[in-house]
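Read the structure below first, then the notes.
A quick note: this is a predicted structure, and the numbers were derived from the prediction, not measured.
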Amino acid sequence: MHNIRHITEDIIWVGASDRRIALFENAYPVPDGVSYNSYIIKSSQTALLDACDASVCDQFMENVLAALDGQKLDYIIVNHMEPDHSSTLACMIHHHPEAKIVATAKAFTMMKNFFGFEPGDRAITVKEGDTLEVGTHKLSFMTAPMVHWPEVMVTFDSATGTLFSADAFGTFGAIEGAMFNDDIDFAKWVGEYRRYYTNIVGKYGPSVQTLLKKAANLTIKTICPLHGPVWRSNIPALIEKYDKWSRYEPEDDTILAVYSSMYGHTKNAAEMLASELGKLGAKVAVYDASAVHPSYLVSEAFHCKALALLAVSYNNGVHPSMEIFLNELAAHNFNSRKTVVIENGSWAPSAGRTMKEKLSAMKNMEIVAEATVTSAVNECSRQAIINAAQALAAAVR
Ligand code: FEO
């Protein structure tokens, strides 16, 4: 049975949620599931904006038919071709042979590559600033390359002030009845918004900045993303977060302390460091890199103002969980933080050297203190940890 929601009188959500998925993109845990959003504009003419993931195909197809309610589909607008939004597209194109397909040239190339679709005279290839009227709705198209793939565009409906924003402004998490941002507790959800942004789009901060500049010229009343709730209030708060994240600027003065420990001695060093920082009035978030998925650590790194990295030496390098975390930071173009590096090694410490090599691959990372623990913290290394805490606390003031 269909399950659709009116966003406005004639814009209808026809998406669905997946709660069985374990890893989004087969990479990121989604313990609260994920929604695939899709929208129908239903005026004297109709348009479908994006399709859904194959995992919700049946629900999506029923929803579209219910929303159209006997009206023919005039346009299928493809803002993004990643298969979480396009793996049902071939089916939709086949079931609605009357519909014209609206997309960028790159998106049409991807349709051919993914499912051999040759649109022929069904294609309407659009570029920056092109417009389309769908009944009373006046749509304009803005390219948004690398937010999150190169073919991406967003669609703005000036008649209603609705921005169909593709992946931008989305989040992990299934729709739990609350379709709109004003029905959710953003303070509770912001962690998942951040984890979605940083891991999915975080590498492409400059591209997001370009999109934000374009959006600044629009009067936006509603944001309809491809994942998560629709935004119809407090939009500047969401844009402010995106602005910070895409500039790689911290949200507050919190210090992120991440440790990789084998037998507890490096963990002990991390907790001593956190205690010293606490005594100095600093806010600290401590994570065991072996126990927490790196997507959460990357997200926290974007949030925090400075980093403490503590790891045991391993295979003449650094413990694998720290290596994975630092590789993930570099892969997401993370930059511009002050850092302390604390290594542990029982005979030939190598963790510090390896962590510094990895930090040097990121832009504008400044190491403000270093320390070495030899097997377990002693009075000498304890003092080095206290010194590191003081340097870090000074760095965030
Ligand atoms: Fe939700 Fe880049 O796809």
Close side-chain approach of [X] to [Y], heavy-atom, < 4.5 Å:
| X | Y | value |
| --- | --- | --- |
| Leu309 | Leu326 | yes |
| Thr354 | Glu343 | no |
| Lys42 | Ile11 | no |
| Val201 | Trp245 | no |
| Phe24 | Asp84 | yes |
| Asp167 | His227 | yes |
| Asp252 | Lys305 | no |
| Val208 | Tyr242 | yes |

Measure up the Tyr296 and His293 rings against each other and bin them: parallel (under 30°), tilted (30 to 60°), perpendicular (over 60°).
perpendicular
Parallel, tilted or perpendicular, as decided by the 30° and 60° cut-offs, for the rings of Phe302 and Tyr248:
tilted
In sequence, state the C-alpha distance, the side-chain angles, and the governing distance for Ser233 and Asn181, and then conclude on side-chain hydrogen bond (donor to acceptor under 3.5 Å, both in side chains).
CA-CA 7 Å; Ser233 64; Asn181 71 295; 3.2 Å; yes
Output yes when a side-chain donor or acceptor of [X] lies under 3.5 Å from a complementary backbone atom of [Y], and no otherwise.
| X | Y | result |
| --- | --- | --- |
| Arg337 | Asn335 | yes |
| Asn333 | Gly202 | no |
| Lys241 | Phe169 | no |
| Ser381 | Val373 | no |
| Glu98 | Leu73 | yes |
| Gln59 | Met1 | yes |

Mind jotting down which residue pairs meet the side chain to side chain donor-acceptor pair (under 3.5 Å) criterion with at least one end in residues 320-332? Sequence neighbours excluded, please.
Ser260-Ser321, Ser290-Ser321, His319-Ser321, Asn327-Lys358
Are [X] and [Y] ion-paired here, with the side-chain N under 4.0 Å from a carboxylate O?
| X | Y | value |
| --- | --- | --- |
| Asp253 | Lys283 | no |
| Asp18 | Arg20 | no |
| Lys244 | Glu240 | no |

Test of ring centre spacing under 6.0 Å for Trp231 and Phe186:
yes
Cluster partners of Tyr204, using ILVMFWY side-chain heavy atoms under 4.5 angstrom, listed by chain and number?
Met146
In terms of hydrophobic clusters joined by side-chain contacts under 4.5 Å, are Phe325 and Leu310 together?
no
Are Leu218 and Ile239 in one and the same hydrophobic cluster, where Ile, Leu, Val, Met, Phe, Trp and Tyr link if side-chain heavy atoms are under 4.5 Å apart?
yes
Not counting sequence neighbours, which residues clear salt bridge (Lys or Arg N to Asp or Glu O under 4.0 Å) with Asp183? List them please.
none
How far does CG of Leu226 sit from CG of Asp53, to the nearest 0.5 angstrom?
12.0 Å
Quick one: pull up CD in Glu366 and CG in Leu359 and give me the separation to the nearest 0.5 Å.
12.0 Å
